[in-house]
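Chain letters run A, B, ... following the sequence lines, proteins first, then strands; residues in each count from 1.
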Amino acid sequence: MHALRVTRAEDFPEWYQAVVREADLAELSPTRGCMIIKPWGMGLWERIQGELDRRIKESGHENYYFPLLIPLSFFAKEAEHVEGFAKEMAVVTHHRLKSIDGALKPDPEAELAEPLVIRPTSETIIGDAFARWIKSYRDLPLKLNQWANIMRWEMRTRMFLRTAEFLWQEGHTAHADEKDAMDETMLALEIYRSVAEDFLAMPVIAGEKPENERFPGAERTYSIEAMMQDGKALQAGTSHYLGTHFAEAQNIRYQNKDGGMSLAHTTSWGVSTRLIGGVIMTHGDDDGLRTPPAVAPRQIVIVPMLRGKPEDAQILEYCTGLCAALGAASAFGAPVRAFVDTKDARPADKRWDWVRRGAPIICEIGPRDAASGQVTFIKRNALREGEKIKSHTLSRADFIVQSTGLLEATQKQLYDEAKARLDSNIRGDFATFADIEKYYGTNDEGGEFRGWARVQWSRPTGAALEEVGTRLKALKLTIRNAPKAQPSTFGKCIFSGAPAVEEILIARAY
RNA sequence: CGGGGUGUAGCUCAGCCUGGUAGAGCAUUAGCUUUGGGAGCUAAGGGUCGCGAGUUCGAAUCCCGCCGCCCCGACCA
């Protein structure tokens with residue numbers, strides 16, 4: 001008897017929806033495609049924010065805030081950029097409502113002279129500021145970041161993975177030359193890799209996107225790709241070297257040391273609330289989410305087993321004291337986040353609420369524990385032994401001393417588990433495209449697990465690349481990226497038989 | 001936007017084919033019992049049956065239109 005009605009094996013998409021709901025992460029809002037993020041989900045995002053914000057600042061960036069609304073004309077400047085986003089922009093056209101025939105409508109007389117676009121990303125409005133702020137090589141590099149909400153009018157939305165409105169961080173920088181900008185692009189990618197792996201316990205493969213998967217307006221796009229438990233890839237973060245495309249379009253120039261004018265080289269990079277979807281599909285199980293301790297808003301939850309009897313007061317006092325003592329311990333370089341759940345609800349129900357949310361350690365303190373100075377607890381990442389819930393007992397003193405180790409070991413176990421799944425499900429033994437077709441092309445109604453393929457190719461461009469894309473699309477596959485770690489010698493291109501120049505990852509993707 | 005599914009109580013769903021005053025389980029509330037772990041019994045509260053228009057004496061049920069959600073596709077740094 002699992003805590004969720006649906007198991008991953010039965011129906012992975014349904015299971016995902018169930019975790020989002022049952023772990024109380026978020027729910028759909030009355031606004032189409034937008035979600036209400038609830039405290040446990042928002043707590044995850046706040047932890048991600050805190051960690052990323054620290055690293056972004058440590059690497060020399062400063063936070064700014066640019067407007068939500070961007071003049072429509074700004075998008076007309078970079079041709080590829082507008083083409084990429086035109087189909088999913090929400091546009092503000094009026095500034096006043098009026099009651100017309102009893103219905104509240106935009107006042108026809110209050111139409112804006114120039115429509116405003118709700119930002120789908122901020123390259124254009126930040127580029128405009130760059131053009132004004134950057135005059136001399138002494139102004140470079142200019143490295144900024146902003147935390148913001150974004151709107152993209154998506155055809156099909158999924159909680160956390162693709163919503164019309166989402167929260168993200170977007171870094172934007174300008175540099176004197178390509179080398180400096182490329183160093184920045186790779187620095188951002190490395191921060192994302194590290195946060196995903198070290199903080200979210202979500203192993204990823206960092207690499208460069210092929211030409212046809214680039215950000216509109218980018219010269220080069222890099223991504224980190226994570227493997228979900230259904231074998232699909234999730235693009236969990238991106239970093240773009242924009243070359244001088246936006247500098248040309250928006251006139252971002254500076255006077256160089258020789259007195260001449262040069263175009264700035266810009267970058268942009270971002271991660272979003274989509275990471276939470278990645279955490280769910282990396283660490284979730286049939287009892288709900290398993291939240292990695294480093295990111296868990298509450299790491300140790302204490303459930304007092306109250307029964308409406310005189311000794312309740314004693315149990316509560318014991319729990320409060322335990323909570324305070326745990327708060328004085330530390331894990332991951334910060335005080336342990338412990339919490340006593342005093343909600344007026346049945347203890348067993350509270351236990352299962354925290355199991356579904358995935359609190360890493362859940363203590364259940366009864367009168368006997370309180371009286372004898374013990375702690376009875378369950379470990380969420382290894383909840384069951386067979387079908388049964390596995391419970392542990394330590395003395396209070398031992399539990400407090402070991403809490404750091406328990407949390408850090410849980411983090412490592414979650415990472416190791418996910419890393420083993422990633423490593424063992426990337427196949428590198430496809431000799432021909434026919435082998436790929438045979439593996440991915442068979443009937444997949446049963447939802448059989450298929451991981452990723454690592455193959456070599458000749459990195460075609462233009463029409464030849466499009467043809468590769470079409471062949472892959474027939475199998476519902478896409479090229480994810482060319483991993484940073486490349487072999488020293490190459491064989492033949494799996495698509496054309498020509499000499500290969502690069503190894504790439506192919507997978508189904510979210 | 002195209003194809004399929006679906007929408008009935010907070011949740012999961014039955015009822016619809018064959019029209020006749022709205023159901024179950026869980027949850028909620030109250031009482032009693034129970035108490036090392038998702039308790040039992042009894043009782044109660046809770047629904048414009050997604051929205052709108054139609055057929056009919058009568059519509060959750062039949063017809064038409066619209067909307068939301070889920071899946072697949074298209075699309076999607």
Assigned partner base of [N], Watson-Crick or wobble definition, under 3.5 Å:
{"N": "B/A60", "answer": "none"}
{"N": "B/C76", "answer": "none"}
{"N": "B/U42", "answer": "B/A30"}
{"N": "B/U6", "answer": "B/G68"}

For [Y] together with [X], are the ring centres under 6.0 Å from each other?
{"X": "A/Trp354", "Y": "A/Trp40", "value": "yes"}
{"X": "A/Trp15", "Y": "A/His2", "value": "no"}
{"X": "A/Phe75", "Y": "A/Phe85", "value": "no"}
{"X": "A/His172", "Y": "A/Phe130", "value": "no"}

Once you round it to whole Å, what is the distance between [atom2] of [N] and [atom1] of [X]?
{"X": "A/Glu78", "N": "B/A77", "atom1": "CD", "atom2": "C1'", "result": "13 Å"}
{"X": "A/Lys476", "N": "B/C71", "atom1": "NZ", "atom2": "C1'", "result": "11 Å"}
{"X": "A/Glu14", "N": "B/C69", "atom1": "CD", "atom2": "P", "result": "15 Å"}
{"X": "A/Glu80", "N": "B/C76", "atom1": "CD", "atom2": "C1'", "result": "16 Å"}
{"X": "A/Lys209", "N": "B/A77", "atom1": "NZ", "atom2": "P", "result": "10 Å"}
{"X": "A/Met35", "N": "B/C70", "atom1": "CE", "atom2": "P", "result": "12 Å"}
{"X": "A/Ile378", "N": "B/G37", "atom1": "CD1", "atom2": "P", "result": "13 Å"}
{"X": "A/Glu311", "N": "B/U35", "atom1": "CD", "atom2": "P", "result": "12 Å"}

Point to revise | Side chains of A/Arg55 and A/Ser194, donor plus acceptor under 3.5 Å | key: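 Note: A/Arg55 and A/Ser194 side chains meet the donor-acceptor criterion.
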Check whether any side-chain nitrogen or oxygen of [X] sits under 4.0 Å from OP1 or OP2 of [N], and answer yes or no.
{"X": "A/Lys473", "N": "B/C75", "value": "yes"}
{"X": "A/Arg346", "N": "B/U28", "value": "yes"}
{"X": "A/Lys87", "N": "B/C76", "value": "yes"}
{"X": "A/Arg32", "N": "B/G68", "value": "no"}

Which part of the nucleic acid does [X] contact within heavy-atom distance under 4.0 Å: base, sugar-phosphate only, or nothing?
{"X": "A/Thr376", "answer": "base"}
{"X": "A/His81", "answer": "nothing"}
{"X": "A/Pro347", "answer": "nothing"}
{"X": "A/Glu154", "answer": "sugar-phosphate"}
{"X": "A/Ala3", "answer": "base"}
{"X": "A/Arg162", "answer": "base"}

Practice item. Let me know, please, whether A/Arg274 or A/Pro13 comes out on the 5' side of the other along RNA chain B by nearest nucleotide. Key: A/Pro13
Practice item. Nearest-nucleotide wise, let me know which of A/Lys309 and A/Glu22 is further upstream toward the 5' end of RNA chain B. Key: A/Glu22
For nucleotides [N] and [M], find the distance between their [atom1] atoms and express it as a whole number of Å.
{"N": "B/A74", "M": "B/G3", "atom1": "P", "result": "15 Å"}
{"N": "B/G7", "M": "B/A14", "atom1": "C1'", "result": "14 Å"}
{"N": "B/G68", "M": "B/C51", "atom1": "P", "result": "15 Å"}
{"N": "B/C67", "M": "B/A24", "atom1": "C1'", "result": "29 Å"}
{"N": "B/G25", "M": "B/C66", "atom1": "C1'", "result": "33 Å"}
{"N": "B/G54", "M": "B/C70", "atom1": "C1'", "result": "30 Å"}
{"N": "B/C26", "M": "B/G40", "atom1": "P", "result": "8 Å"}
{"N": "B/A60", "M": "B/U42", "atom1": "C1'", "result": "32 Å"}

Exercise for review: Tell whether A/Arg152 reaches the base of B/A77 with its side chain through a donor-acceptor pair below 3.5 angstrom.
Suggested key: yes
Review point. How are the rings of A/His61 and A/Trp269 set to each other: parallel, tilted or perpendicular (split at 30° and 60°)?
Key: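 Judged by the thresholds at 30° and 60°, the geometry between A/His61 and A/Trp269 is perpendicular.
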Point to revise | Positive for side chain to side chain contact (heavy atoms under 4.5 Å, CB included) with A/Thr267, one of A/His240, A/Lys143, A/His175 | key: A/His175
Exercise for review: For A/Trp352 and B/G38, say yes or no: do the ring centres fall under 5.5 Å of each other while the ring planes differ by less than 30°?
Suggested key: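 Yes; centroid distance and tilt both under limits.
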